[in-house]
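These notes are about the structure you will find just below.
Side chains are part of it too, since the values below use all heavy atoms of this structure and drop only hydrogens, waters and symmetry mates.
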Amino acid sequence: MNIDDPKPTAFALDELNGPERLAIAREVADSPEAQRFVDEIRELARVLKCEYAADAETELPTNLIDIRDDPWFWSIARPLAIAAVIALFAVVAGVTIFSHNRNVTVARFEPIHLPAAVGKSGDVQAELAANEARAESEPQASLGTPASRSLARSKVESYGGIRARSGEFNTAAYDHIVENPFLDAAGNPLSTFSIDVDTASYSNVRRFINDGSLPPKDAVRVEEMINYFTYDYPQPTDEKPFAVHVDVASCPWEAAHRLVRIGLKGREVAADKRGPSNLVFLLDVSGSMEPVERLPLVKQAMRLLVDKLTENDRVAIVVYAGASGLALPSTTGDHKEQILLALENLQAGGSTNGAEGIRLAYKIAADNFIKGGVNRVILATDGDFNVGMTSQGDLIRLIEEKAKTGVFLSVLGVGTDNLKDSTMQKLADKGNGNYAYLDSLDEARKVLVQQMNGTLVTIAKDVKIQVEFNPARVASYRLIGYEKRMLRKEDFSNDKIDAGEIGAGHTVTALYEVVPAGTNANPAASVAPVDPLKYQRVESEETLRTAKRLQPSAEMLTVKLRFKKPDGEKSELIERPLIDEGKDFAKAPADLKFAAAVAEFGMILRDSEFKGTGTLGAVLEWAQEGKDSDANGYRAGFIQLVGKVQILRKG
């Protein structure tokens with residue numbers, strides 16, 4: 001697409017109709033550069049519209065009002081004013097196009113360039129130095145007149161920069177997180193939790209940092225940050241849907257402790273083996289979704305997914321604002337023009353009645369259910385349900401009821417100042433699905449294209465992990481993250497208890513910080529003991545005598561997993577023991593080093609009492625050592641993110 005052509009601009013301003021609009025929509029969907037251009041034009045139009053509205057509300061002096069009755073105003077001044085506005089718009093559009101050709105991204109924030117040196121990471125130092133040099137080599141005069149330079153500086157963010165805070169009123173909602181403590185292994189030998197493949201926390205944290213601020217502590221869910229990245233675990237070699245990997249090394253932020261890693265690798269499913277899909281896009285089109293980073297981004301994301309659908313797939317579009325409606329009946333994936341046009345016609349406006357939309361979406365999915373195929377509702381929203389059923393508890397119960405139909409749920413969160421993260425996380429959890437946050441089109445491409453099978457195809461459900469620690473080898477332990485996924489030990493064998501799902505090709509990682517038996521400083525030893533029991537004894541004398549006769553096992557722990565097949569109701573069991581061979585962190589696998597870096601970064605952002613001696617500089621060093629193969633650049637992006645936090649904390 002030639003973005004110098006006036007048609008993309010007309011398309012962005014909704015000035016095209018019929019086949020011409022559809023043709024441009026298809027071209028835009030195929031070109032990330034064109035998508036960015038369209039979004040920038042729409043954002044610019046929105047800003048100008050807001051500024052015009054603000055000016056219109058300003059009361060004019062009485063001696064100027066009568067000028068509108070002057071014939072000179074209508075014959076000469078008004079046409080000149082209109083021409084001036086058109087010229088200004090052309091200059092700004094030219095600046096925008098020029099910015100694209102210079103690989104610059106439009107935003108509403110002032111850039112802050114990073115210095116050349118960041119921590120001990122050689123790669124990031126060179127990368128950031130190149131970025132700084134590039135910024136200095138581009139003369140400001142090339143951005144046009146002083147007026148256009150001023151406007152451009154308020155809109156342009158250089159690659160790798162940090163945007164300043166917007167200062168807008170914030171009603172975002174996050175659940176309070178109480179970190180898991182160290183537990184005594186003798187009194188609490190079992191640790192039980194549900195797996196989590198959500199990744200929303202990492203991309204949301206990234207958005208905060210790129211916007212020039214540190215995230216709220218409760219926005220940082222360490223397990224989601226760790227699981228944002230894939231790890232090189234072996235695929236299953238048997239008939240199980242996933243393989244289990246367990247290893248251990250010294251803990252880098254507390255040398256006397258050990259760091260245990262549990263890794264799951266879901267079986268890969270080739271694209272042509274995915275099976276037919278029955279998808280329902282459930283899209284929030286309420287007034288809060290109007291900004292460019294909300295509904296316009298969602299529409300772009302859905303276009304990416306539509307492009308991958310075939311004649312074997314079906315997609316319907318349900319929208320909701322004050323009321324819900326069917327924007328597109330279930331349509332086969334080879335009718336892409338019809339699907340794309342329905343997406344393009346969506347406009348934001350009104351209040352948010354999410355419950356009605358949920359009911360209709362699940363009804364459409366049930367009506368077109370494909371036995372043995374992928375049946376999924378994809379909900380895209382900022383989570384601000386404010387009409388109809390607004391209680392979080394009622395919404396969760398509704399989703400739990402609908403999950404019994406065999407239709408799974410994916411939640412795509414968008415937005416900033418009113419992001420209802422807590423609600424969306426719970427809906428995805430109870431809907432047998434996953435939760436991702438879209439902070440950019442690149443993130444949408446990662447979730448819906450690169451990891452399409454993992455997002456859509458569930459290979460195991462109700463996956464639970466229970467770790468049994470050997471008190472002869474372990475004094476105490478702490479599960480890092482997963483605070484919202486903890487289960488009672490009795491829940492592990494109870495098939496009625498809901499747990500997390502794993503998708504095709506997904507990796508899941510959990511870390512434990514373990515205090516070996518005999519360690520002088522045991523964090524769990526400082527916990528006050530309970531009073532003696534009055535009605536029962538903890539252990540009988542016979543139990544104690546039997547325990548003394550037993551030879552202590554060399555195993556540190558045993559990992560047990562339970563899972564169900566996607567259409568099954570009875571769980572299966574997998575067990576893996578672990579013997580600690582005393583490996584030092586310096587000799588640990590690259591993946592373990594990187595996971596440790598992400599975990600420590602999360603604990604630093606949370607100002608966790610368990611962060612130990614770790615620093616951002618150390619995090620950069622571990623991440624660089626663990627960068628290894630990074631085909632998609634996600635690990636390099638993490639390294640850049642840590643460098644930005646260094647700058648923010650110094651400021």
Side-chain angles (χ1 to χ4, degrees), residues 119 121 177-183 191 193 195-206 209 214-215 217-233 245-264 465 467 476-486 507-515 523 583-586 588-628 634-635 637-639 641-642 645-646:
S121 168
I177 296 176
V178 179
E179 290 185 288
N180 293 324
F182 278 95
L183 297 176
S191 174
F193 64 99
I195 68 156
D196 186 3
V197 296
D198 294 346
T199 60
S201 180
Y202 179 81
S203 49
N204 189 31
V205 164
R206 178 175 63 197
I209 295 170
L214 297 176
K217 291 181 180 180
D218 292 323
V220 181
R221 295 187 289 273
V222 178
E223 74 279 3
E224 293 185 24
M225 297 184 67
I226 295 171
N227 285 319
Y228 181 86
F229 303 93
T230 57
Y231 301 92
D232 190 23
Y233 300 133
H245 176 82
V246 190
D247 60 352
V248 59
S250 59
C251 181
W253 56 83
E254 193 61 64
H257 297 177
R258 311 295 289 167
L259 187 63
V260 174
R261 176 177 60 148
I262 301 171
L264 310 183
I465 296 179
V467 181
S476 63
Y477 63 88
R478 188 179 88 85
L479 175 60
I480 301 173
Y482 291 93
E483 286 84 1
K484 301 298 181 183
R485 301 282 182 161
M486 300 304 295
T507 62
V508 180
T509 300
L511 299 178
Y512 279 93
E513 184 176 348
V514 174
V515 181
K583 182 181 293 183
D584 188 74
F585 185 76
D591 273 356
L592 177 53
K593 290 182 177 180
F594 190 83
V598 179
E600 179 65 7
F601 182 56
M603 288 190 285
I604 290 174
L605 290 177
R606 290 188 53 80
D607 193 24
S608 168
E609 64 175 296
F610 305 110
K611 65 180 181 295
T613 60
T615 63
L616 290 173
V619 167
L620 281 173
E621 185 176 348
W622 305 335
Q624 191 64 36
E625 291 174 0
K627 186 178 176 183
D628 204 23
Y634 298 134
R635 296 192 181 191
F638 171 78
I639 291 171
L641 209 62
V642 177
V645 172
Q646 282 188 319

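- Note: Glu254 CD to Glu600 CD = 10.5 Å, rounded to the nearest 0.5 Å.
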Verdict with supporting geometry, Val220 and Met603, side chain to side chain contact (heavy atoms under 4.5 Å, CB included): CA-CA 8 Å; Val220 181; Met603 288 190 285; over 6 Å; no

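- In this structure, Asp591 does not pair ionically with Lys627, as no charged nitrogen and carboxylate oxygen lie closer than 4.0 Å.
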Residues Ile480, Glu223; criterion side chain to side chain contact (heavy atoms under 4.5 Å, CB included); working and verdict: CA-CA 7 Å; Ile480 301 173; Glu223 74 279 3; over 6 Å; no

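- To the nearest 0.5 Å, atoms CZ (Arg221) and OG1 (Thr199) are separated by 10.0 Å.
- Annotation: side chain of Glu513 is in contact with side chain of Cys251 (closest heavy-atom distance under 4.5 Å).
- Listed here is the closest heavy atom pair of Gly617 and Gln646: N-NE2, 3.8 Å.
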Side chain to side chain contact (heavy atoms under 4.5 Å, CB included) between Ile262 and Tyr512, intermediate numbers included: CA-CA 8 Å; Ile262 301 171; Tyr512 279 93; 3.9 Å; yes

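- One finds the CE atom of Met225 at 14.5 Å from the CG atom of Asp198 (value rounded to the nearest 0.5 Å).
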Criterion side chain to side chain contact (heavy atoms under 4.5 Å, CB included) on Asp247 and His245, from CA distance to verdict: CA-CA 7 Å; Asp247 60 352; His245 176 82; 3.6 Å; yes

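- With ring centers used as reference points, Phe594 lies under 6.0 Å from Phe638.
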Worked check of side-chain hydrogen bond (donor to acceptor under 3.5 Å, both in side chains) between Tyr228 and Ser201: CA-CA 9 Å; Tyr228 181 86; Ser201 180; over 6 Å; no

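- By the 4.5 Å heavy-atom criterion applied to side chains, Thr507 and Asn227 are not counted as neighbours.
- Note that CG of Leu641 is 7.5 Å distant from CZ of Arg206, once rounded to the nearest 0.5 Å.
- A heavy-atom distance below 4.5 Å is found between the side chains of Gln624 and Ile639.
- Rounding to the nearest 0.5 angstrom, the gap separating the CH2 atom in Trp253 from the OG1 atom in Thr615 is 12.5 Å.
- Here the CD-NZ distance, from Glu224 to Lys484, works out to 11.5 Å after rounding to the nearest 0.5 Å.
- Residues Tyr482 and Phe193 bring their aromatic ring centres within 6.0 Å.
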